[in-house]
Amino acid sequence: MRSLRRCCTLLLLLLALKAAAQERSPLRPRLLSEAWGSIGVQFRPFRNSARVKEPDFNKRFRMGAEVGYRSDENLSGGRQVYLDLGARYKFHDLLRVSLEHRFSFRGAAGENGQRSSLQVQSTRELGRFIAEYRFRYQHEYLDPGEVRDQLRNRIGLVYDIRKWKLDPEVSVELFTWAGNLGWRYIGTRYSIGTTWRPGKKHEVGIAVLHDRERYVYAPSYRFIYALSYTLGLN
C-alpha cells in the first residue's frame with residue numbers, strides 16, 4: 001500500500017513539474033485575435049472591345065482589384081492595408097489559373113512590401129457538395145534567408161442547403177516554405193464561414209479563420225474574423 005502511495009505521489013509530482021515547465025516554455029503558442037476586411041471588384045475588360053474579337057476568350061478572362069485591411073492582435077490598431085491586382089482565365093470548368101500582385105502598406109509600425117503569386121484552382125460538384133482545391137505559389141520580395149517563397153495547398157468543401165442562401169463552407173490550408181534549407185511545413189489555416197449573394201453582382205463573405213504557426217521559436221495561434229464584399233461587373 002505504501003508503495004502504491006509513493007508511486008501516485010511521484011506521478012503527481014512529475015505531472016506538476018511538467019505543467020510548470022510548459023508554463024515557462026518559450027515554445028508555448030501565443031493566442032492572438034485579428035480582424036480582416038476587404039472590398040473587391042471583378043470585371044471582363046474586353047467584353048465590348050472591338051480589338052478583341054474572340055468571344056470565348058472575353059467570356060473566360062477576368063480582371064480584379066481588392067483593397068483590404070488587417071488589424072493588429074488587439075483588434076484596435078491597424079497592422080496592414082493592401083491592394084491586390086489580378087487576372088484570371090478559366091481554361092475549363094475544372095481549371096482556373098490566376099496571377100496576382102499585392103502591395104502592402106504598414107505605415108510607421110513596419111515596412112511596406114510586395115508579393116506576387118500564381119494560383120491554380122479546381123472546383124467540382126459532388127451531389128449537394130462542392131469540393132474545391134487551390135494551389136498557390138507565392139513569392140514575397142524579402143531579404144535572402146526570410147520566408148520568401150511559399151507553396152500553399154487549400155482544400156475546401158461547401159454544402160448546398162436547399163432553399164437556404166447561407167451555405168456552410170469549411171477549408172484547411174497548408175503552408176510550406178520553399179527556402180535554402182529545403183521544404184518546411186510552417187503553418188496551417190482552418191476556416192469556417194458562409195457567402196451571401198443578395199444579387200447577381202454582389203457577394204458578401206463572412207468567415208472565422210484559425211492560423212497555427214510551426215517551425216518557429218515562438219509560434220502564434222491566431223483567431224481571425226473576416227468580412228469581405230465583392231462586386232461583379234459586366
Side-chain angles (χ1 to χ4, degrees), residues 18-40 66-84 100-117 119 132 134-143 145-157 166 168-179 181 183-196 204-230:
K18 182 178 180 181
Q22 289 179 343
E23 288 290 334
R24 295 191 299 268
S25 174
L27 299 179
R28 185 184 182 191
R30 298 181 303 155
L31 296 179
L32 308 174
S33 296
E34 296 182 14
W36 292 2
S38 65
I39 298 176
E66 179 180 289
V67 176
Y69 167 84
R70 296 184 176 181
S71 76
D72 61 11
E73 61 269 19
N74 298 317
L75 300 177
S76 58
R79 181 171 65 93
Q80 179 186 166
V81 174
Y82 66 85
L83 170 65
D84 279 349
E100 183 182 276
H101 190 81
R102 170 173 294 185
F103 302 90
S104 300
F105 310 96
R106 296 181 174 87
E111 296 183 359
N112 299 333
Q114 299 184 47
R115 82 180 193 195
S116 300
S117 62
Q119 177 177 295
E132 176 190 272
R134 186 183 73 188
F135 169 79
R136 174 180 287 178
Y137 166 72
Q138 176 180 299
H139 175 79
E140 294 198 45
Y141 298 89
L142 301 172
D143 294 330
E146 299 188 54
V147 183
R148 298 197 298 177
D149 298 291
Q150 293 188 47
L151 308 178
R152 299 169 54 172
N153 290 275
R154 180 179 181 269
I155 299 175
L157 195 64
L166 304 179
E169 307 172 5
V170 296
S171 69
V172 58
E173 186 170 12
L174 308 178
F175 294 75
T176 302
W177 173 25
L181 300 178
W183 290 12
R184 294 290 187 273
Y185 169 46
I186 60 173
T188 310
R189 174 175 296 168
Y190 304 94
S191 173
I192 182 171
T194 188
T195 301
W196 176 47
V204 179
I206 302 173
V208 177
L209 300 87
H210 179 54
D211 273 4
R212 300 171 73 93
E213 288 185 326
R214 295 183 75 256
Y215 202 69
V216 293
Y217 179 74
S220 297
Y221 289 178
R222 298 184 296 165
F223 287 93
I224 302 164
Y225 310 97
L227 177 65
S228 64
Y229 169 75
T230 303

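- Between the side chains of Arg212 and Thr188, not a single donor N or O lies within less than 3.5 Å of an accepting N or O.
- Other residues, nucleotides and ligands contribute at most 12 non-hydrogen atoms within 6.0 Å of the CD1 atom of Ile39.
- Looking at Tyr185 and Phe175, their side chains never come closer than 4.5 Å, going by heavy atoms from C-beta outward.
- Remark: the Gln114 side chain and the Arg102 side chain contain no N/O donor-acceptor pair separated by less than 3.5 Å.
- For His139 and Tyr137, the gap between ring centers reaches or exceeds 6.0 Å.
- Distance check, rounded to the nearest 0.5 Å: CD of Gln138 to CG of Leu151 gives 10.0 Å.
- A salt bridge does not link Arg222 with Glu213: every distance from a Lys NZ or Arg NE/NH1/NH2 to an Asp or Glu carboxylate oxygen is 4.0 Å or more.
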Full working for salt bridge (Lys or Arg N to Asp or Glu O under 4.0 Å) between Glu173 and Arg134 | CA-CA 9 Å; Glu173 186 170 12; Arg134 186 183 73 188; 3.3 Å; yes

Working for side chain to side chain donor-acceptor pair (under 3.5 Å), residues Ser220 and Arg30 = CA-CA 5 Å; Ser220 297; Arg30 298 181 303 155; 2.9 Å; yes

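- Tyr221 and Asp211 share no side-chain donor-acceptor pair at under 3.5 Å.
- The closest donor-acceptor contact from the side chain of Arg115 to the backbone of Glu140 lies at 3.5 Å or more, if one exists at all.
- Between Tyr190 and His210, the ring-plane angle classifies as parallel under the 30° and 60° cut-offs.
- Remark: the Arg70 side chain and the Gln80 side chain contain no N/O donor-acceptor pair separated by less than 3.5 Å.
- Arg106 places a side-chain N or O within 3.5 Å of a backbone atom of Glu111 that can act as its donor or acceptor partner.
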